[in-house]
Peer 1: 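Take a look at the following structure, please.
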Amino acid sequence: MNTQGSYASSDATIRPISVEKGISELMYDNIPVGVVICDSKGRIIRMNQRNCEIFGVQNPKLVYGFSLFDDEMISTTHREQMRLNDDYTYTYELDTSYLNTRGKSTFQGKKQLLCRFRKIYDENRVHKGYVLVNVDMTSSQQDLRNEAISLSRQLQLIHAAANMMSWRYDVLSGRLFVNYSNAPTEFLNKTDVLKQLTLSEFVRNLHPDDHPIFMEKFASVIRRHTDVLEMELRYNFHENNENYIWASMAGIVSEVDKDNKVLLLLGSTRIIEPQKRMEAELREAKEKAEASDRLKTTFIEQTNHEIRTPLNAIVGYADVLTSCHDVLDEKSKQELVEGIHQNSDKMLTMVNSILYLSQLNTGTLQKEVRECSLHDLCNSLYHKFIPYSSVEVELKMDANGNDSLVLHTDSKLLTIILSNLMDNAFKFTKKGSVTLSYKKVEKGVEFCVSDTGPGLPSMGTHVFDLFSKGDRFIPGMGLGLPLCHGLVQFLGGSISCESQEGVGAKFIFVLPEIS
């Protein structure tokens with residue numbers, strides 16, 4: 001409010017309105033907004049106590065006679081509208097520093113005022129003056145600013161606690177502005193905290209499988225089919241095509257134009273790579289648990305048959321031997337005893353296989369490493385399996401000129417591996433030969449058990465799966481090959497199978513020197 005100009009005119013003497021002191025006077029002075037009464041020329045003739053407080057005026061008589069239409073603090077546009085309109089509301093910033101120089105105001109600084117200027121008419125529609133109501137919005141606006149700052153800080157703390165990165169997309173400029181300040185350092189370095197991208201640059205860093213999903217959801221928001229963007233995607237934050245990180249992206253429509261077209265999207269992105277890894281681990285654990293349950297069921301079914309068969313044979317042979325002992329000749333007795341031995345060996349082999357597989361799975365199997373003469377070990381196996389051979393199936397052994405070859409390994413486990421492979425070979429081979437061979441190679445010693453049986457063309461890598469059998473009519477639980485595979489790996493080696501239908505199968509494994 002400007003005090004420059006005359007405080008009295010030549011054609012009129014300005015006097016404050018004389019009102020009898022009473023309730024109306026008290027109400028006028030104590031109204032919580034500033035009230036200024038002006039004559040028909042806009043000159044101040046009265047103001048209440050609240051208005052004096054707003055403007056810091058100690059003696060209102062010093063400003064009586066000043067015209068509001070001369071107040072340079074009010075813009076020319078507002079003053080013109082005040083002259084033309086019966087009722088006009090506006091806001092402006094009050095700066096009373098110039099009043100202080102004249103000693104007319106104690107207020108220092110600036111205030112934000114909301115003003116309503118209204119013409120007053122008598123009953124005959126004769127213009128008598130003006131009433132100006134001043135509302136100090138400074139504290140309200142400051143409270144709003146403080147609240148906005150507080151909310152902004154709280155939001156920043158929430159984003160920081162949740163490792164959420166904020167972003168906004170300006171539709172008109174086509175620019176995506178991202179703040180990486182809250183990104184976990186495990187996945188992102190913060191050398192480039194603020195980043196600007198075009199939409200095509202952003203999409204280029206997405207995992208190829210996520211391109212169509214993102215574009216579909218993004219287009220749905222831009223077309224106002226929905227106001228919410230929400231999805232999980234894999235993004236290449238380091239611009240390295242081999243390092244995609246799972247992130248959760250959420251956004252909303254923040255601004256639209258008069259035609260309801262989207263102008264601005266606001267949102268946040270949170271890295272969820274640890275959660276995705278945990279989900280994958282849980283899925284894997286669930287699949288393993290389900291596979292374990294299936295294996296248990298299969299094991300019970302297989303064991304029920306495979307144990308009962310040799311056990312029934314043993315009991316039967318023993319019953320015949322006991323009840324008919326006096327009438328049987330020595331040859332018959334020997335055949336019965338041999339039958340008991342063979343079926344006992346089958347049961348023992350099966351039980352041992354189960355125990356070794358259990359120890360492999362639980363990690364309790366121990367190595368007993370010592371120097372092993374391969375000639376002695378293989379020669380012992382050769383004599384063990386001679387009884388399995390026949391006129392139609394020949395047993396062969398080939399040391400490849402390495403009769404003196406030794407290997408530091410667990411000879412007991414090596415014997416189990418070769419025994420299982422040879423037992424399998426004889427089980428399936430009806431004509432031809434079974435051959436055991438070994439030779440020195442760069443990585444250690446290569447062993448080979450080959451046969452001329454029907455081969456395993458349809459099983460592929462599943463030949464080493466637990467309970468897998470090439471022929472369900474051949475006795476056995478399908479434990480031998482999985483046990484061989486586990487023991488070879490336990491001894492630090494590798495095993496493979498070469499097979500051709502009608503030609504035979506060849507199992508090759510290499511064991512290294514164990515120090």
Side-chain angles (χ1 to χ4, degrees), residues 302 305-306 309-310 313-314 317 331-332 334-350 352-353 374-403 414-439 445-460 462-464 467-485 487-488 495-509:
Q302 293 281 358
H305 171 74
E306 295 300 331
T309 301
I314 292 170
Y317 288 140
K331 183 180 179 180
S332 298
Q334 188 62 37
E335 289 176 352
L336 290 172
V337 171
E338 184 64 30
I340 292 174
H341 284 163
Q342 288 179 356
N343 283 280
S344 298
D345 286 343
K346 288 180 181 179
M347 286 190 63
L348 183 60
T349 299
M350 182 172 58
N352 284 336
S353 296
L374 298 183
H375 175 270
D376 292 345
L377 186 146
C378 292
N379 194 53
S380 175
L381 283 171
Y382 179 82
H383 287 91
K384 176 184 175 180
F385 281 92
I386 278 290
Y388 288 71
S389 62
S390 63
V391 176
E392 294 188 345
V393 182
E394 181 184 3
L395 174 60
K396 299 178 181 179
M397 189 174 77
D398 184 1
N400 290 293
N402 295 295
D403 292 343
L414 175 55
T415 300
I416 292 172
I417 297 168
L418 290 171
S419 294
N420 274 284
L421 292 177
M422 293 178 70
D423 184 67
N424 245 29
F426 274 108
K427 190 183 297 183
F428 288 95
T429 305
K430 305 304 179 183
K431 189 175 183 179
S433 63
V434 172
T435 303
L436 168 63
S437 64
Y438 62 91
K439 64 181 178 180
V445 177
E446 179 184 282
F447 298 87
C448 177
V449 176
S450 59
D451 63 61
T452 57
L456 300 165
S458 61
M459 298 187 68
H462 296 289
V463 68
F464 296 111
F467 304 124
S468 293
K469 294 174 64 175
D471 187 342
R472 64 187 182 91
F473 296 106
I474 298 294
M477 290 181 63
L479 300 178
L481 292 179
L483 177 60
C484 292
H485 184 265
L487 291 177
V488 168
I495 186 170
S496 61
C497 173
E498 297 177 5
S499 181
Q500 185 176 351
E501 187 173 6
V503 176
K506 182 185 293 186
F507 288 87
I508 303 170
F509 66 95

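Hydrogens, waters and symmetry mates are skipped; everything else that's a heavy atom, side chains included, is used.
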Peer 1: Side chains of Asn379 and Met397: closer than 4.5 Å at any heavy-atom pair?
Peer 2: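 Result yes, sub-4.5 Å side-chain heavy-atom pair found.
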
Peer 1: Does Asp451 reach the main-chain N or O of Val434 with its side chain, forming a donor-acceptor pair under 3.5 Å?
Peer 2: no

Peer 1: Does Thr452 use its side chain to pair, donor to acceptor, with the backbone of Lys431 at less than 3.5 Å?
Peer 2: yes

Peer 1: Take the angle between the ring planes of Tyr438 and Phe447 and call it parallel below 30°, perpendicular above 60°, tilted in between.
Peer 2: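 Plane angle between 30° and 60°, so tilted.
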
Peer 1: What verdict does the side chain to side chain contact (heavy atoms under 4.5 Å, CB included) test give for Leu418 and Leu377, after you've listed the backbone C-alpha separation in whole Å, the side-chain angles of each residue and the deciding distance to 0.1 Å?
Peer 2: CA-CA 10 Å; Leu418 290 171; Leu377 186 146; 3.7 Å; yes

Peer 1: With a 4.5 Å limit on heavy-atom distance, are the side chains of His485 and Leu481 in contact?
Peer 2: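 When only atoms from C-beta onward are counted, Leu481 and His485 do not touch, as no gap falls below 4.5 Å.
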
Peer 1: Evaluate the ring planes of Tyr388 and Phe426, with Trp represented by its six-membered ring, and classify them as parallel (under 30°), tilted (30 to 60°) or perpendicular (over 60°).
Peer 2: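 Taking Phe426 first and then Tyr388, their aromatic rings sit tilted (interplane angle of 30° to 60°).
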
Peer 1: Kindly compute the distance separating CG (Asp376) from CG (Asp403), expressed to the nearest 0.5 Å.
Peer 2: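 Going from CG on Asp376 over to CG on Asp403, the span is 10.0 Å.
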
Peer 1: Taking the side chain as everything from C-beta on, heavy atoms only, tell me whether Leu436 gets closer than 4.5 Å to Leu421.
Peer 2: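 No; the side chains remain at least 4.5 Å from each other.
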
Peer 1: Of all heavy-atom pairs between Glu392 and Lys430, which one has the smallest distance, and what is that distance?
Peer 2: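 Shortest heavy-atom separation between Glu392 and Lys430 comes out as OE1-O, 3.5 Å.
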
Peer 1: Check whether any side-chain heavy atom of Phe509 sits under 4.5 Å from a side-chain heavy atom of Leu414, and report yes or no.
Peer 2: yes

Peer 1: CG/Asn420 to NZ/Lys427 distance, rounded to the nearest 0.5 angstrom?
Peer 2: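 Here the interatomic distance stands at 8.5 Å.
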
Peer 1: Give, for atom CE of Met422 and atom CG of Leu395, the distance between the pair rounded to the nearest 0.5 Å.
Peer 2: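 It is 5.0 Å, given to the nearest 0.5 Å.
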
Peer 1: Closest heavy-atom contact between Cys448 and Ile508?
Peer 2: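 Minimum heavy-atom separation between Cys448 and Ile508: SG-CG1, 4.0 Å.
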
Peer 1: Can you measure from NZ (Lys506) to SG (Cys497) and round to the nearest 0.5 angstrom?
Peer 2: 10.5 Å

Peer 1: Please find the pair of heavy atoms, one from Ser344 and one from Ile314, that lie closest to each other, and give the distance.
Peer 2: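 Looks like OG-CD1, 3.5 Å.
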
Peer 1: Atom CG of Asp423 and atom CG of Leu381: how far apart are they, to the nearest 0.5 Å?
Peer 2: 11.5 Å

Peer 1: Please give me the minimum heavy-atom distance between Ala505 and Ser499, naming the atom from each residue.
Peer 2: CB-OG, 4.0 Å

Peer 1: To the nearest 0.5 Å, what is the distance between NE2 (His375) and OG (Ser380)?
Peer 2: 11.5 Å

